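Counting starts at 1 for both ligands and their atoms, in listed order. The shown structure was predicted, so the numbers you read here are calculated from the model rather than taken from an experiment. Side chains are part of it too, since the values below use all heavy atoms of this structure and drop only hydrogens, waters and symmetry mates.
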Amino acid sequence: MAKILVTGGLGFIGSHTVIELQKAGHEAVIVDNLDNSSLDVLDGITAISAIKPSFEKLDLRLKSAVENLLQRHSDIDGIIHFAAYKAVGESVEKPLAYYENNIGSLVNLLQAAEQNQIKNFIFSSSCTVYGEAKELPISEDSPVVPAESPYGNTKQIGEEILVDTTKGGKLNAIALRYFNPIGAHESAIIGELPAGVPQNLVPYITQTAIGLRQQLSVYGDDYPTRDGTCIRDYIHVVDLAKAHVTAVERLVEQKNNQAFEVFNLGTGTGSTVLEVIKSFEKISGESLNYQIVARREGDVTAAYANTTKANNVLGWKAEKNLDEAMTDAWRWEQKIRN
Ligand code: NAD
Ligand code: WQD
C-alpha cells in the first residue's frame, strides 16, 4: 500500500483517480483549492469508495503552504499532480495566470518534494504537445511542436522542467499525455463539471440534449477526414484514472526504465465529431440539435494515440469504448440536472 498525494484531487480526472487509488488499496491525500471543484466531490468519493480521503484546501501557488504540507506528509510515496488551469481559450486571454498557476505550482511542489526526499512524480500532460502530427496514430516519438496556446505551452514547459529535474537522480517522473478525456463514474456520483459554457464537445452535447444549450455547433465539415469533421481519441475518464494508478505503482516499485518517461493515454481509436454525435444519439435515444458552422481556430484535423508503449511498457490498456463513455456522460448529465 502506498500513500499518494493527489493535487487537484477534487477535479474531474483527479476525483476518479482517487477512487481507483483507493480501490487498489492505496491511501490518497487530496489537496485542492476548490477553484474549479467543490467539496461535494469529496462526499461523492466517500459515497463511492466508503473511504473518506484526507483533504486539505490549499493553493499550490503559495510556496510556504506547499513546503509546510510536504513537511507534514514527508512519508508520502508519490505525488500525482493534476492541479492546473485547463481552458485553452482563457489561457490566450490570461497567459500570466496560466504560467503562474501551471508552472508556479509545479515548481513549488518539486522544490518541496526535493526538500522532503519525495522521489516519485506523475504529471498531467496533454496530446496538445504534438499539434498537427505528421504521422497517425501519434506515438511518443512524434515531435513536440511549438504550442498553439499558453495553456499548451505550460504542458510543454512542465515536461521540460521534469526532464531537467530528473537528471539530478533525486526524482523519477512520468508525464502522461492524455488524449480527450470524457465520461463520468458509472455510479453517476462524480463526473465533469464545466464552469460556464462548455468548450469541449461531449459536455456541450449532453448539455444541449438536456436543454441547457440550444444547439451544438460542429466546427467545420471540410477537413480531409472520412466525413469532413475532426478526429479525436476520446478516452473514458475511469480508464485514464486507472493508468495513473499503474504509473505511480511503476515508480513506487522502481520499475521505471528511465528517470523521466512519457506515455500516451488514449484508446488508439479516432472518432469524428459526427461519429460522437451518432454514438450519443444511439445510446440516449435522443436526436441532437446541431448545425455545421465554420472551423474553430487552432483545431487540428486529427489526433489519436498509438498506445503500443502504454500497452507494452506501462502495462495499461483502455477498456471502455466510445458508446460506454457516452452512456456514462449522459447518465451523469441527467443526474446533475434533476
Ligand atoms: P479540473 O479543473 O477538473 O481539475 C483540476 C483541479 O485542480 C480543480 O479541482 C482545481 O480546483 C484544482 N486546482 C487548480 N489550481 C490549483 C491550485 N493552484 N492549487 C490547488 N488546486 C488547484 O481539470 P481536469 O480535467 O481534472 O484536469 C486535470 C489535469 O489534467 C490538468 O492538469 C489538465 O491540464 C490536464 N489535462 C486535462 C485534459 C482534459 O481534457 N480534461 C486533457 C489533458 C490534460
Ligand atoms: C473535440 C472536437 C472540435 C466543441 C481540448 C484541448 C486539449 C485537451 C482536450 C487539455 C474538435 C469539436 C468541440 C463544440 C465541436 N485539454 N467541437 N463543437 O479541442 O480536441 O482538445 O481538450 O489538455 O488541450 O485543446 O477537444 O472537446 O474541445 O473538441 O465541433 O462545441 O469537437 O472542433 O474537433 P480538443 P474539444
What atoms of ligand 2 come within less than 4.0 Å of a heavy atom belonging to V88?
6 (C), 25 (O)
Give the single entry among D221, D299, T301 that approaches atom 3 (C) of ligand 2 most closely by any heavy atom.
D299
Within the structure, does I13 bring an N/O atom to less than 3.5 angstrom of an N/O atom in ligand 1?
yes
For Y178, is at least one N or O under 3.5 Å away from an N or O on ligand 1?
no
Inspect the surroundings of CD in E148 and state if more than 12 heavy atoms from other residues, nucleotides or ligands are less than 6.0 Å away.
no
Side chains of I45 and I19: closer than 4.5 Å at any heavy-atom pair?
yes
Quick note on ligand 2: atoms under 4.0 Å from a heavy atom of T128 include exactly 24 (O)
Contacting atoms of ligand 2, where contact means under 4.0 angstrom from a heavy atom of C230
34 (O)
Proximity of K86 to ligand 2 by residue part, where a heavy atom lies under 4.0 Å
neither
Is D32 in contact with ligand 1, taking contact as a heavy-atom separation below 4.0 Å?
yes
May I ask you to identify the nearest protein heavy atom to atom 18 (N) of ligand 1, giving residue, atom name and distance to one decimal place in Å?
N101 OD1, 2.7 Å
So which bit of T128 gets within less than 4.0 Å of ligand 1, heavy atoms only: side chain, backbone, both or neither?
neither
May I ask you to identify the nearest protein heavy atom to atom 18 (N) of ligand 2, giving residue, atom name and distance to one decimal place in Å?
S217 O, 2.7 Å
Check each atom of ligand 2 against the heavy atoms of Y151 and keep those under 4.0 Å away; list them by number with element.
10 (C), 23 (O), 24 (O)
Considering both backbone and side-chain atoms of P181, is one of its nitrogen or oxygen atoms within less than 3.5 Å of a nitrogen or oxygen in ligand 1?
no
for atom 34 (O) of ligand 1, nearest protein heavy atom and its distance come out as Y151 OH, 2.7 Å
If you measure from the Lys or Arg side-chain nitrogens to the Asp or Glu carboxylate oxygens, is any gap between K309 and D141 under 4.0 Å?
no
Any heavy atom of S125 closer to ligand 1 than 4.0 angstrom?
yes
Suppose we measure from atom 2 (O) of ligand 1 to each protein heavy atom; which comes out shortest, and what is that distance?
N36 ND2, 2.7 Å
of all protein heavy atoms, closest to atom 4 (O) of ligand 1 is G11 CA, 3.4 Å
With no hydrogens and no angle check, is any side-chain donor or acceptor of R250 less than 3.5 Å from a backbone partner on G315?
no
Among T229, L216, V218, which one puts a heavy atom closest to atom 31 (O) of ligand 2?
L216
Nearest neighbour in protein (non-hydrogen) for atom 19 (N) of ligand 1:
L60 N, 3.0 Å
Of all the heavy atoms in N200, does at least one lie under 4.0 Å from an atom in ligand 1?
no
Side chains of Y85 and K94: closer than 4.5 Å at any heavy-atom pair?
no
Considering heavy atoms of the protein only, find what lies nearest to atom 36 (P) of ligand 2 and give residue, atom and distance to 0.1 Å.
N200 ND2, 3.4 Å
How close does the nearest protein non-hydrogen atom get to atom 2 (C) of ligand 2, and which residue and atom is it?
Y234 OH, 3.4 Å
Please report which non-hydrogen protein atom sits nearest to atom 29 (C) of ligand 1, along with the residue it belongs to and the distance in Å to one decimal place.
F82 O, 3.2 Å
Over 60° means perpendicular and under 30° means parallel, so tell me whether F280 and W330 are parallel, tilted or perpendicular.
perpendicular
What protein heavy atom sits nearest atom 26 (O) of ligand 2, and how far off is it?
N180 ND2, 3.1 Å
Please say whether the positively charged group of K167, taken as NZ for Lys or CZ for Arg, lies over the ring of F260, i.e. under 6.0 angstrom from the six-membered ring centre and within 45 degrees of the axis.
no
Among Q215, R232, R296, E148, which one has a heavy atom closest to atom 19 (O) of ligand 2?
R296
Ring-plane angle category for F82 and Y178, please: parallel below 30°, perpendicular beyond 60°, tilted otherwise.
tilted
For ligand 1, which is the ligand I care about here, please tell me if F12 has any N or O atom under 3.5 Å from one of the ligand's N or O atoms.
yes
Atoms of ligand 2, numbered as shown, that sit under 4.0 Å from any heavy atom of V273:
12 (C), 30 (O), 32 (O), 34 (O)
Test of proximity, A83 against ligand 1: N or O pairs below 3.5 Å:
no
Determine, for E275 against K278, whether the closest basic-nitrogen to carboxylate-oxygen distance falls under 4.0 angstrom.
no
Hey, is the main chain of A310 close enough, under 3.5 Å, to the side chain of K317 for a donor-acceptor pair?
no
Which of the listed options, F179, Y204, Y219, holds the heavy atom that is closest to atom 14 (C) of ligand 2?
Y219
Just to check, does K155 reach to within less than 4.0 Å of ligand 1 when the distance is taken from its heavy atoms?
yes
